[in-house]
Amino acid sequence: MGKIKDFLEKLKKVGHIELIACGVLIVVVLAIYFSCTSCSAATDGKPTDLSDADYCETMQYRLEKIISEISGVGDASVVINWDRSVSVTFGGSNENPKATGVIVVCQGGNSTKVKLDVIYAVSTLLDLSIEKIIVYPK
């Protein structure tokens with residue numbers, strides 16, 4: 001207990017203790033903020049932010065992830081064919097490329113129900129007609 005009292009007495013004698021305490025508090029808050037934002041952005045090295053990654057790769061990753069979460073699908077691989085006649089620029093006036101076809105290979109690809117679920121999910125996400133989506137078993 002005596003050491004704590006001695007420390008507090010020395011602390012009271014330091015000039016501008018409020019500024020020092022405020023500085024320490026700011027450093028702690030910034031450290032917590034940056035450690036939390038870097039943790040939430042970690043996704044196994046896969047692109048998630050459209051401004052930092054290629055749109056096509058990001059959409060393919062997102063599609064694989066969501067398809068794998070559909071009941072009965074299991075592990076899924078996706079290949080998307082893109083219409084590259086539209087240039088990709090972020091922050092510009094140009095549109096993102098349009099998907100022209102999709103192939104999905106998944107563990108549950110033998111099931112008709114799973115095939116239909118996957119086809120409708122892909123069709124909805126990419127605004128693509130269902131006849132341009134093919135699902136194969138893995």
Peer 1: Which heavy atom of Pro137 sits nearest to which heavy atom of Val105, and what is that distance?
Peer 2: O-CG1, 3.8 Å
Peer 1: So, taking the atom named CG in Leu63 and the one named CG in Leu126, what distance separates them when rounded to the nearest 0.5 Å?
Peer 2: 5.5 Å
Peer 1: Looking only at heavy atoms, what is the nearest atom pair of Ile67 and Ala76, with distance?
Peer 2: CG2-CB, 3.7 Å
Peer 1: For Ala99 and Leu128, which heavy atoms make the closest approach, and how far apart are they?
Peer 2: O-CD1, 3.2 Å
Peer 1: Report whether Val102 and Tyr120 are members of the same hydrophobic cluster (ILVMFWY, side-chain heavy atoms less than 4.5 Å apart, transitive linking).
Peer 2: yes
Peer 1: According to side chain to side chain donor-acceptor pair (under 3.5 Å), who are the partners of Ser111, at least two apart in sequence or on a separate chain?
Peer 2: none
Peer 1: Enter the distance from Met59:CE to Leu125:CG here, rounded to the nearest 0.5 Å.
Peer 2: 4.0 Å
Peer 1: Check side chain to side chain donor-acceptor pair (under 3.5 Å) between Ser129 and all other residues, then give those that pass, not counting sequence neighbours.
Peer 2: Glu131
Peer 1: What residues, two or more places apart in sequence or in another chain, satisfy side-chain contact (heavy atoms from CB on, under 4.5 Å) together with Ile119?
Peer 2: Ile130, Ile133, Val135
Peer 1: Considering non-hydrogen atoms only, spot the tightest contact between Cys106 and Val73 and give its length.
Peer 2: CB-CG1, 3.6 Å
Peer 1: Among all residues two or more places apart in sequence or in another chain, which pass the side chain to side chain donor-acceptor pair (under 3.5 Å) test with Asp75?
Peer 2: Lys138
Peer 1: Are Tyr136 and Val118 co-members of a hydrophobic cluster defined by side-chain heavy atoms under 4.5 Å apart?
Peer 2: no
Peer 1: Of all heavy-atom pairs between Pro97 and Tyr55, which one has the smallest distance, and what is that distance?
Peer 2: CD-CD2, 3.7 Å
Peer 1: Given the rule in the side-chain hydrogen bond (donor to acceptor under 3.5 Å, both in side chains) test, do Thr100 and Asp83 qualify, once you have shown the distances and angles that lead to the verdict?
Peer 2: CA-CA 6 Å; Thr100 58; Asp83 177 7; over 6 Å; no
Peer 1: Test question: given the 4.5 Å side-chain rule for I, L, V, M, F, W and Y, name all other residues clustered with Val79, or answer none.
Peer 2: none
Peer 1: Spell out, as yes or no, whether a donor-acceptor pair under 3.5 Å connects the side chain of Glu64 to the backbone of Val78.
Peer 2: yes
Peer 1: Which distance, rounded to the nearest 0.5 Å, do you find between the OH of Tyr61 and the CD1 of Ile80?
Peer 2: 13.5 Å
Peer 1: Going by salt bridge (Lys or Arg N to Asp or Glu O under 4.0 Å), name the pairs with one or both residues in residues 102-128, residues two or more places apart or in two chains.
Peer 2: Lys113-Asp117
